[in-house]
Engineer: 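Below: one structure in structure tokens.
This structure is a prediction, so every number in the text was calculated from the model and none was measured. So you know, we letter chains A, B, ... as the sequences are listed, proteins then strands, and number each from 1.
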Number of protein chains: 2
Amino acid sequence: MNIGEAAQASGIPAKTIRYYEDTGLIPAADRSRSGYRVYDGRDVHTLRFIHRAREPGSSVQDIRKLLALWQDRTRASAEVKALALAHLSELDEKLAKLKAMRRTLAHLVAHCEGDHRPDCPILDDLAGEAAEPLQGNGGLRFN
Amino acid sequence: MNIGEAAQASGIPAKTIRYYEDTGLIPAADRSRSGYRVYDGRDVHTLRFIHRAREPGSSVQDIRKLLALWQDRTRASAEVKALALAHLSELDEKLAKLKAMRRTLAHLVAHCEGDHRPDCPILDDLAGEAAEPLQGNGGLRFN
DNA sequence: GGTTGACCTTACCACCGCTGGAACCTTTAT
DNA sequence: ATAAAGGTTCCAGCGGTGGTAAGGTCAACC
């Protein structure tokens, strides 16, 4: 299959696939006699792996590691597990932040009239509190 | 207060604050006689607003809009509410994806022996399933 | 066989949201 | 007076992606 089909099947744009190849994240694809990149099911599998692991906000470096481990079956599972656990805790952090944000936003939407008056309190409240407790700040507003 | 202090108080690096000023996200700060940027409580307030709204993966364009609305009290709250709602649904999407990822990873970690054997199934499983149902894929593994 | 149109190739340049560095100036502490 | 800590500007780069250009290749149709 050509790159377009592989892109469709994996969810990664053709451009990005070439980029991944350039930067060594994936090995160079085989070429047809005419120079077209040729992919098979295994390649798509790998691309999907990447696509899956690449949720927005995560570094490609992590995926590179994950991928390397995945492809090197001689490694001890302990290493893999440790990596996965690290990834997991990062994920949890991100989740917590997003949840806090979501909660605040939902709360504020609920308190916004949504009419023509200019005094919707949403953004004032949104501005008032910080997500991370780096500095102690006054009254936390989201329950 | 100088930029460093404002950075500390807002959680945004000084460098990034300058960048925000350059790109017009925030207005140019007042300057001291010697050219230092000077910030007050209100500025920090704004910066915290930005820091708070800027969770990883969200476009700065959204924040620009939010900020513009926040600072223009003459707008109808309906507009603000609509924007907040849109932001909320985006957030929910992101949350769902992260949760799915988290669930899968947790499941796999639980099934990994974590010893010296090279057959930890984590990554194979991780590679096996796609997050988005773009193409029908075989047996979905995460419950 | 010839032509069309979709797809592929490389190569470059630009963007976004930062981040780091260089070179220099100002404030503060000793 | 001097050193350190902070500020200033500007320039360059990153990852990841989109756009463009100039061209080669493939399948289908007349």
Side-chain angles (χ1 to χ4, degrees), chain A residues 1-40 43-44 46-68 87 90 94 97, chain B residues 1-40 43-44 46-68 87 90 94 97 131-132:
Chain A
M1 96 182 50
N2 286 338
I3 197 170
E5 205 174 339
Q8 194 109 13
S10 68
I12 301 180
K15 203 119 206 239
T16 306
I17 295 179
R18 292 195 198 98
Y19 169 74
Y20 284 163
E21 183 181 315
D22 279 358
T23 56
L25 180 60
I26 53 175
D30 290 341
R31 300 297 183 112
S32 73
R33 202 161 25 232
S34 57
Y36 284 19
R37 286 175 184 81
V38 179
Y39 300 88
D40 61 15
D43 296 324
V44 171
T46 301
L47 287 171
R48 280 159 77 102
F49 172 91
I50 293 171
H51 185 53
R52 177 132 177 58
R54 264 253 49 189
E55 91 275 15
S58 89
S59 79
V60 173
Q61 217 53 5
D62 291 345
I63 290 140
R64 202 180 293 272
K65 276 191 251 161
L66 237 56
L67 202 56
H87 205 75
E90 271 177 44
K94 231 169 280 176
K97 275 190 193 171
Chain B
M1 93 181 57
N2 286 338
I3 198 169
E5 207 175 336
Q8 194 108 12
S10 68
I12 302 181
K15 207 114 208 235
T16 307
I17 296 179
R18 292 195 198 97
Y19 167 74
Y20 283 163
E21 183 180 315
D22 279 358
T23 55
L25 181 59
I26 53 175
D30 291 339
R31 299 297 183 112
S32 73
R33 206 162 20 237
S34 57
Y36 281 21
R37 285 175 184 81
V38 179
Y39 300 88
D40 61 14
D43 296 325
V44 171
T46 302
L47 288 171
R48 280 158 79 102
F49 171 91
I50 294 170
H51 184 52
R52 178 131 176 59
R54 260 258 54 187
E55 92 275 14
S58 88
S59 80
V60 173
Q61 215 55 2
D62 292 345
I63 289 140
R64 202 180 293 271
K65 278 190 248 161
L66 237 57
L67 202 56
H87 203 76
E90 270 176 44
K94 231 169 281 174
K97 274 189 192 172
E132 59 289 287

Engineer: Rounded to whole Å, please give me the gap between CD1 in B:Ile17 and C1' in C:dG20.
Structural biologist: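 Nearest whole value for this atom pair: 17 Å.
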Engineer: Using only side-chain N and O atoms of B:Arg37, determine if any of them is under 4.0 Å from OP1 or OP2 of D:dT8.
Structural biologist: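 Checking B:Arg37 against D:dT8: at least one side-chain N or O falls below 4.0 Å of OP1 or OP2.
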Engineer: Quick check for you: among D:dT9, C:dG17, D:dG18, whose closest atom lies nearest to any side-chain atom of A:Pro13?
Structural biologist: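 Given the options D:dT9, C:dG17, D:dG18, the side chain of A:Pro13 is closest to D:dG18.
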Engineer: Separation of B:Met1 atom CE from C:dT27 atom C1', in whole Å?
Structural biologist: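 To the nearest whole Å, that distance equals 17 Å.
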Engineer: Check for a donor-acceptor pair, side chain of B:Asp40 on one end and backbone N or O of B:Asp43 on the other, with a separation under 3.5 Å.
Structural biologist: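 Yes; at least one donor-acceptor contact below 3.5 Å.
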Engineer: Rounded to whole Å, how long is the line connecting atom CG of B:Leu25 with atom P of C:dG17?
Structural biologist: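 Those two atoms, CG and P, are 9 Å apart.
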Engineer: Look at the side chain of B:Ile3 and decide which nucleotide, out of D:dG7, C:dC18, C:dC8, has an atom nearest to it.
Structural biologist: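 Selected nucleotide (nearest to the side chain): D:dG7.
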Engineer: OP1, OP2 of D:dG24 versus side-chain N and O of A:Ser34: anything below 4.0 Å?
Structural biologist: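 The answer is no; no side-chain N or O of A:Ser34 sits under 4.0 Å from OP1 or OP2.
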Engineer: Kindly indicate whether the side chain of B:Lys15 and the base of C:dG21 share any N or O donor-acceptor pair separated by less than 3.5 Å?
Structural biologist: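 Looking at the base of C:dG21, it does pair with a donor or acceptor on the side chain of B:Lys15 (distance under 3.5 Å).
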Engineer: Would you kindly give the CD1-to-C1' distance between A:Ile50 and D:dG15, to the nearest whole Å?
Structural biologist: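 To the nearest whole Å, that distance equals 14 Å.
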Engineer: Where the side chain of B:Arg18 is concerned, which of C:dT19, D:dG7, C:dT9 is the nearest nucleotide?
Structural biologist: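 Nearest to the side-chain atoms of B:Arg18, counting from C-beta on, is D:dG7.
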Engineer: Mind checking the CD1-OG1 spacing from A:Ile17 to A:Thr46? Nearest 0.5 Å is all I need.
Structural biologist: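 Rounded to the nearest 0.5 Å, the CD1-OG1 separation comes to 11.0 Å.
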Engineer: Hey, what do you get for CE (A:Met1) to CD (A:Gln8), rounding to the nearest 0.5 Å?
Structural biologist: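 Result: 11.0 Å between the selected atoms.
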Engineer: Just verifying a value: how many Å separate A:Ile50 CD1 and A:Ile12 CD1, rounded to the nearest 0.5 Å?
Structural biologist: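 If we round to the nearest 0.5 Å, A:Ile50:CD1 and A:Ile12:CD1 are 5.5 Å apart.
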Engineer: Check this one for me: any side-chain N or O of A:Tyr36 less than 4.0 Å away from OP1 or OP2 of D:dG24?
Structural biologist: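 The answer is no; no side-chain N or O of A:Tyr36 sits under 4.0 Å from OP1 or OP2.
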Engineer: For B:Arg33 and C:dT26, give me the distance from atom CZ to atom P, rounded to whole Å.
Structural biologist: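 Roughly 12 Å, once rounded to whole Å.
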Engineer: Verify, without hydrogens or angle tests, whether A:Arg48 (side chain) and A:Ala9 (backbone) share a donor-acceptor contact under 3.5 angstrom.
Structural biologist: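 Pair found, side chain donor or acceptor close to backbone of A:Ala9.
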Engineer: Taking atom P of C:dC18 as reference, at what distance in whole Å does atom CD1 of B:Ile12 sit?
Structural biologist: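 Rounded to the whole Å, the gap is 8 Å.
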Engineer: Rounded to whole angstrom units, what separation is found between the OH atom of B:Tyr19 and the C1' atom of D:dG13?
Structural biologist: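 Interatomic distance, OH of B:Tyr19 to C1' of D:dG13: 14 Å.
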Engineer: Examine C:dT19: is either OP1 or OP2 under 4.0 Å from a nitrogen or oxygen in the side chain of B:Thr16? Give yes or no.
Structural biologist: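 Affirmative; the distance criterion is met.
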Engineer: Take A:Thr23 and A:Ser32, find for each the nucleotide of DNA chain D with the closest heavy atom, and name the residue whose nucleotide sits nearer the 5' end.
Structural biologist: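 Whichever sits nearer the 5' end wins; that is A:Thr23.
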Engineer: In whole Å, I'd like the distance from the CZ atom of B:Arg31 to the P atom of C:dT26.
Structural biologist: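 After rounding, the reported distance stands at 13 Å.
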